[in-house]
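Contents: one structure, followed by commentary.
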Amino acid sequence: MDETHNLFLAALNGFLLGASLIIAIGPQNAFVLRQGLKRSYVFSVSLICALSDALLITIGVAGLGTLVQQSPQALDIVAIGGAIFLVVYGLIAFKRALHPSAIRMQGESTDKFSVVIATCLAFTFLNPHVYLDTVVLLGSLSAHYSGTARIVYGASAALASFVWFFSLGYGARLLTPVFEKPQAWRILDISIGLVMWLIAARLVFGVFT
């Protein structure tokens, strides 16, 4: 009974902590939301984001989280690279806001698959918060568990990523009536641009303070 109870707590804690870390306004979620609204490669984007989280969580739970904590220089390098990427993508979002268009229905997207996938990977791996959340934080907290409970904890945290990204990607289409108007796209892109620049500023500030 005690073993079952411990496994249940490990699963619950892993899922809730994983969900709390990824359910937040950020560049990756904003990108998935936009792809979901456009109905453009939603499955591929959601799967890549979820699998990337699962990979990083596995690395963290396996013990790398503790090692990364001892090398802040590595996180600084990732932070600067991520900030540059976010500034550039923020500019792109503001440029889109100048000439918004109504939502394209499924099958009419002009996005290139390679560009979408490359952008998705960049949002995932150039964001130092991803490493802090998955590798460092989730990895460090997994030290409270051992054996099967630790595996269950990591698997539940990864499951939270799958549930969230697929819900966000496919649930976005419920907002289609709103985004049939170009003005809604302008507001979304301006919001995305501001979020990108705000996060970039926080990253740079964190490196030099």
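Nothing here was measured: the structure is a model prediction, and the numbers come from that model. Just the heavy atoms: all of them, side chains too, but no hydrogens, waters or symmetry mates, feed the values below.
- By the ring pair (Phe, Tyr, Trp, His ring centres under 6.0 Å) test, Phe162 pairs with no residue at all, sequence neighbours left out.
- Looking only at distances, no side-chain donor or acceptor of Arg173 sits under 3.5 Å from a matching main-chain atom of Leu37.
- In this view, Phe113 and Tyr41 satisfy the ring pair (Phe, Tyr, Trp, His ring centres under 6.0 Å) rule, not counting sequence neighbours.
- The hydrophobic cluster containing Val45 does not contain Val42, counting ILVMFWY residues as joined when their side-chain heavy atoms lie under 4.5 angstrom apart, directly or transitively.
- Here the straight-line distance linking atom CZ of Arg186 with atom NE2 of His99 works out to 9.0 Å at 0.5 Å rounding.
- The structure places CG of Leu121 at 8.5 Å from SG of Cys49, a figure rounded to the nearest 0.5 Å.
- Criterion: ILVMFWY side-chain heavy atoms under 4.5 Å apart, direct or through other members. Under it, Leu56 and Leu47 are not part of a common hydrophobic cluster.
- Residues meeting the ring pair (Phe, Tyr, Trp, His ring centres under 6.0 Å) test with Phe165, sequence neighbours left out: none.
- Between Ser46 and Gly169 the shortest heavy-atom distance is OG-CA, 4.1 Å.
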Please report the C-alpha distance between Ile117 and Ser44 in whole Å, then the side-chain angles of each, then the deciding distance to 0.1 Å, and finally whether the side chain to side chain contact (heavy atoms under 4.5 Å, CB included) criterion is met. CA-CA 8 Å; Ile117 299 306; Ser44 298; 4.1 Å; yes
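- Put simply, CH2 on Trp185 and CD1 on Ile190 are 14.0 Å apart, with the number rounded to the nearest 0.5 Å.
- At a threshold of 4.5 Å between non-hydrogen side-chain atoms, the residues Val135 and Val130 do not count as touching.
- Summarising the geometry of Ala160 relative to Ala19, their closest heavy-atom pair is CB-N, 3.7 Å, with the distance given to 0.1 Å.
- Counting only residues at least two apart or on different chains, the side chain to side chain donor-acceptor pair (under 3.5 Å) pairs with a member in residues 47-61 are Asp53-Ser161.
- No chain of hydrophobic side-chain contacts below 4.5 Å, direct or via other Ile, Leu, Val, Met, Phe, Trp or Tyr residues, connects Leu16 to Tyr153.
- Contact between Thr124 and Cys120 at its shortest, heavy atoms only, is OG1-O, 2.9 Å.
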Would you please test Asp189 and Arg34 for side chain to side chain contact (heavy atoms under 4.5 Å, CB included) and show each step? CA-CA 9 Å; Asp189 282 323; Arg34 199 172 199 283; 2.9 Å; yes
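- Side-chain atoms of Gln28 and Asn127, non-hydrogen and from C-beta on, never get closer than 4.5 Å to each other.
- No continuous path of ILVMFWY side-chain contacts below 4.5 Å connects Val116 to Leu51, so the two sit in separate hydrophobic clusters.
- Counting heavy atoms from C-beta on, the side chains of Tyr131 and Phe125 come closer than 4.5 Å.
- Clustering ILVMFWY residues whenever any of their side-chain heavy atoms sit less than 4.5 angstrom apart, transitively, puts Phe31 in the very cluster that holds Ile192.
- Within the 4.5 Å cutoff, no side-chain heavy atoms of Ile22 are placed close to those of Thr134.
- The line from CG of Leu33 to CG of Leu188 is 6.0 Å long, rounded to the nearest 0.5 Å.
- Nearest heavy-atom pair across Ala149 and Ala10 is O-CB, 3.5 Å.
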Start with the C-alpha gap between Val32 and Phe123, add the side-chain angles, then the distance that decides, and say whether side chain to side chain contact (heavy atoms under 4.5 Å, CB included) holds. CA-CA 10 Å; Val32 175; Phe123 274 131; over 6 Å; no
For Ser156 and Leu12, what are the C-alpha separation, side-chain angles and deciding distance, and is it a side chain to side chain contact (heavy atoms under 4.5 Å, CB included)? CA-CA 7 Å; Ser156 298; Leu12 181 62; over 6 Å; no
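- Closest non-hydrogen pair, Gly154 versus Val61, comes out as CA-CG2, 4.0 Å.
- Not counting sequence neighbours, Tyr170 has no partner by the ring pair (Phe, Tyr, Trp, His ring centres under 6.0 Å) test.
- Through side-chain heavy atoms spaced under 4.5 Å, either directly or across other Ile, Leu, Val, Met, Phe, Trp or Tyr residues, Val152 is tied to Leu7.
- Checked against a 6.0 Å centroid threshold, the rings of Trp197 and Phe94 count as neighbours.
- Phe43 is not listed as a side-chain neighbour of Gln35, based on a closest heavy-atom distance of 4.5 Å or more.
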